[in-house]
Each structure stands twice: as C-alpha cells, then as structure tokens.
*Asks:* 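To start, I am sharing the structure in question, which I have written as structure tokens.
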Number of protein chains: 2
Amino acid sequence: MGLTKTEIFTEEQNQIATVAKVLGHPARIAILEFLIKLKSCVCGDLVKDIGLAQPTISQHLKELKKVGIIKGTIEGTSVCYCIHQENWDKIKNILGNFLNKNATGSCC
Amino acid sequence: MGLTKTEIFTEEQNQIATVAKVLGHPARIAILEFLIKLKSCVCGDLVKDIGLAQPTISQHLKELKKVGIIKGTIEGTSVCYCIHQENWDKIKNILGNFLNKNATGSCC
DNA sequence: TTTATTTATTGCAATATTACGATAAATATA
DNA sequence: TATATTTATCGTAATATTGCAATAAATAAA
C-alpha cells in the first residue's frame, strides 16, 4: 500500500502532519535557515551553501513553496526566494497549538 | 538514491528534521492527541479509535517511542503508553526555537 | 542572433514509508 | 496445562521520497 489514509483523520490532524512533514528534512531546514539569515536569496547561492545538486535544491524549494512557507519572485534569470511571513506565522501557530495541547504531568 | 545526506547538515538541523518528521503523519498526530486526551492508554483502544490495523498502530507507536515523545510500560498483557512529558517539552522547544528564528518582515 | 547564466523539469535508480495479514511472544485466566 | 487476550514482529506489496544527470526554458548580455 504505502499511501497514507488521510480520509480517516480530521482536517486539523492532516494539516498538522502536512506542515510537520515539510519540516522533516534537514535540507529544507537548512534552506529556511539560510533564507532567514540572508533575508532574500537565489537558488544558486543555496546550491553552494548547502551542498546538494541544483535539481535537488529546486525540488526542496518546490515543496516548501507548496505548503506556502516560502514564496519566489522572478528577477531576470534568477529568482528571489524568501520566507512567506504570514504563512510562517500560521505554521508556527498550527504546530505551537498542537505542542501546547499537552498539559504538564498527564500520566505515569 | 533515496537516502538523506545527513552528514552534510548540522546536528541541530538534523535534530529539528527528525522531530518534525515523526509529527509528519496524521496517524501519529491522532495517537498523540488520543494519549493527551486519555492521559494513559493501551494499543487496543487506539486501534478502535483510529481505524488502522493493529500492526500499523504498533509500528507508529514504535516510531513515536524511538524519538522519545512517548513511553510505554508493560502492565500484564496490555501496555500503558503515555506522553514522555520531559521529552515532549524538549521537542516543543526544539521546534519552537526554530520557528521563532524568523523575525517579522525579513524580505520582499 | 548567438552565447552565457540561472532555475525548472524529466527520467531514473536507490531507499524509505505506509499498511496489513500472518504469526510469534507474553501473560492472564479457566 | 490449555485457552484467551493483547501487543510485537515478520514478510510483503504499494507508494513516496531523495538525489542527480541530462536537458529544457527563460532571460540577460555580447
């Protein structure tokens, strides 16, 4: 099988999992940290900085864009990728709310 | 290839990705929410509540245990699984710190 | 227009993940 | 001891992910 049964979970559960999943790869964490540090950038710089092939970086950028955590605007031959501030905050809240659900000392 | 090049990333980046990855499946989110709600439980109840086969639940529990977010103590024939409070808070901090790295209005 | 530069897409190989039936393992109960 | 109950493990099929070489696409510069 290998395919997640999304239909048996709530929309909220799927949403939490989706945003967590995109953060579940070190390359994407590295890309996000790089974008935060530089406050703007292009793909080429990432390739040099991170050490993965250009198509691989492009693929990770695509996934980050798909969940909306970054946005890219074309500038000539290069692209200016940056954090999508509004969506970043949304994701922070989605994960934050989930992680805060657990009150201290629940069991055992 | 299909295997993540963990060696080219920092320990911190890998750590963030590892904890995010385990949260990157709705079944595991559902399991954690169930544990929080019930404050103690066994595998059988999860199978009924979530709607995946028992081996599948067992597998997800194993992954959650591997990153330390839950712990299980044997009680007769059943097992009492619960949130590992200390590790939960650690994970909350790991992800929280990362998500707080981004200051408002970085670019574009 | 030709040539560089930069990012995206395609195609593929290797590995990982998800899910479950069958079965094992462990303990409680009759 | 035999049987039931509960969770773990094994084996396997289907799908997803990761990574990269090759190449396309798009624009800038010569």
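Scope of the values below: all heavy atoms of this structure, side chains included, with no hydrogens, waters or symmetry mates. Protein chains get the first letters and strands the later ones, always in sequence-line order, with residue 1 at the start of each.
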*Asks:* What is the distance, rounded to the nearest whole Å, between atom CD of B/Gln54 and atom P of C/dA24?
*Replies:*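 Going from B/Gln54 (CD) to C/dA24 (P), I get 15 Å.
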*Asks:* For A/Ser58 and B/Ala27, take the nucleotide of DNA chain C holding the closest heavy atom to each; which residue's nucleotide lies nearer the 5' end?
*Replies:*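 Residue closer to the 5' terminus by nearest nucleotide: A/Ser58.
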*Asks:* For B/Lys66 and C/dA16, give me the distance from atom NZ to atom C1', rounded to whole Å.
*Replies:*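 Rounded to the whole Å, the gap is 11 Å.
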*Asks:* Strictly below 4.0 Å: does B/Lys21 bring a side-chain N or O up to OP1 or OP2 of C/dA16?
*Replies:*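 Checking C/dA16 against B/Lys21, no side-chain N or O comes under 4.0 Å of OP1 or OP2.
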*Asks:* Touch check for A/Leu52, heavy atoms < 4.0 angstrom, all strands: base, sugar-phosphate only, or nothing?
*Replies:*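 The answer is sugar-phosphate, as A/Leu52 gets under 4.0 Å only of primed atoms, P, OP1 or OP2.
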*Asks:* To the nearest angstrom, how far is A/Ile8 atom CD1 from C/dT18 atom P?
*Replies:*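 Whole-Å distance recorded here is 13 Å.
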*Asks:* Taking atom CD1 as the centre, does A/Ile74 end up with more than 12 heavy-atom neighbours from other residues, nucleotides or ligands that are less than 6.0 angstrom away?
*Replies:*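 Open: at most 12 neighbouring heavy atoms sit under 6.0 Å from CD1 of A/Ile74.
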*Asks:* Check the phosphate of D/dG19 against A/His60, side-chain N and O only, distance under 4.0 Å to OP1 or OP2. Yes or no?
*Replies:*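 A/His60 to D/dG19 OP1/OP2: side-chain N or O found under 4.0 Å.
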*Asks:* By nearest atom, which of the nucleotides D/dT27, D/dT7, D/dC20 is closest to the A/Gln59 side chain?
*Replies:*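 My answer, after comparing the listed nucleotides, is D/dC20.
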*Asks:* To the nearest Å, how far apart are A/Glu75 CD and D/dA28 C1'?
*Replies:*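 Whole-Å distance recorded here is 14 Å.
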*Asks:* Does CD in A/Glu11 sit with more than 12 non-hydrogen atoms of other residues, nucleotides or ligands closer than 6.0 Å?
*Replies:*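 Check fails, neighbour count at 12 or below.
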*Asks:* Whole-Å distance between C/dA16 P and B/His25 NE2?
*Replies:*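 Spelled out: NE2 on B/His25 to P on C/dA16 is 17 Å.
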*Asks:* Quick check on C/dT7: is either OP1 or OP2 less than 4.0 Å from any side-chain nitrogen or oxygen of A/Lys62?
*Replies:*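 False: A/Lys62 side-chain N/O out of range (4.0 Å or more) of C/dT7 OP1/OP2.
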*Asks:* Figure out the CG/C1' separation between A/Leu46 and C/dT6, and round it to whole Å.
*Replies:*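 The distance from CG of A/Leu46 to C1' of C/dT6 comes to 13 Å, rounded to the nearest Å.
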*Asks:* Regarding B/Asn100 and A/Lys92, is there a side-chain donor-to-acceptor distance under 3.5 Å anywhere?
*Replies:*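 Their side chains do contain a donor-acceptor pair, which is all the 3.5 Å distance test asks for.
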*Asks:* Figure out the CD1/P separation between B/Ile74 and D/dT7, and round it to whole Å.
*Replies:*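 One finds 11 Å between P of D/dT7 and CD1 of B/Ile74, rounded.
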*Asks:* Nearest nucleotide by nearest heavy atom, which residue falls closer to the 5' end of DNA chain D, A/Glu63 or B/Thr56?
*Replies:*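 It is B/Thr56 whose nearest nucleotide is closer to the 5' end.
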*Asks:* Which heavy atom of B/Leu35 sits nearest to which heavy atom of B/Tyr81, and what is that distance?
*Replies:*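 Scanning both residues, the minimum pair turns out to be CD2-O, 3.5 Å.
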*Asks:* With a 4.0 Å limit, can you tell me whether B/Tyr81 has a side-chain N or O closer than that to the phosphate oxygens OP1/OP2 of D/dA8?
*Replies:*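 Yes, because at least one side-chain N or O of B/Tyr81 sits under 4.0 Å from OP1 or OP2 of D/dA8.
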*Asks:* What class does the angle between the rings of B/His60 and B/His25 fall in, given that below 30° is parallel, 30 to 60° is tilted and above 60° is perpendicular?
*Replies:*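 Tilted, since the angle between the ring planes falls between 30° and 60°.
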*Asks:* Need to verify one output field. Residue with the more 5' nearest nucleotide on DNA chain D, B/Gly44 or B/Phe9?
*Replies:*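 Comparing both residues, the 5'-ward one is B/Gly44.
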*Asks:* If you look at every strand shown and take non-hydrogen atoms under 4.0 Å, does A/Lys65 touch a base, only sugar-phosphate, or nothing?
*Replies:*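 The residue A/Lys65 makes no contact with any strand.
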*Asks:* Please confirm whether the shortest side-chain N or O distance from A/Thr4 to OP1 or OP2 of C/dT18 is below 4.0 Å.
*Replies:*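 Answer is no, no contact under 4.0 Å.
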*Asks:* Return the nearest nucleotide to the side chain of B/Lys5; candidates are D/dT7, C/dT7, D/dG19.
*Replies:*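 The listed nucleotide nearest to B/Lys5's side chain is D/dG19.
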*Asks:* Is the distance from OP1 or OP2 of C/dT6 to the nearest side-chain N or O of A/Ser78 less than 4.0 Å?
*Replies:*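 Checking A/Ser78 against C/dT6: no side-chain N or O falls below 4.0 Å of OP1 or OP2.
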*Asks:* What closest approach, in Å, do A/Gly51 and B/Ile8 show between heavy atoms, and which atom pair accounts for it?
*Replies:*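 What the structure gives for the nearest pair is O-CD1, 3.7 Å.
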*Asks:* Would you tell me if any nitrogen or oxygen in the side chain of A/Thr77 comes within less than 4.0 Å of OP1 or OP2 on D/dT27?
*Replies:*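 No.
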*Asks:* Starting at atom CG of B/Leu64, determine the distance to atom P of D/dA8, rounded to an integer number of angstrom.
*Replies:*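 Answer to the nearest Å: 12 Å.
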*Asks:* So if I take every side-chain heavy atom of B/Ala53 and compare against C/dT7, D/dC20, C/dG21, which nucleotide ends up nearest?
*Replies:*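 Nucleotide nearest to B/Ala53's side chain: C/dG21.
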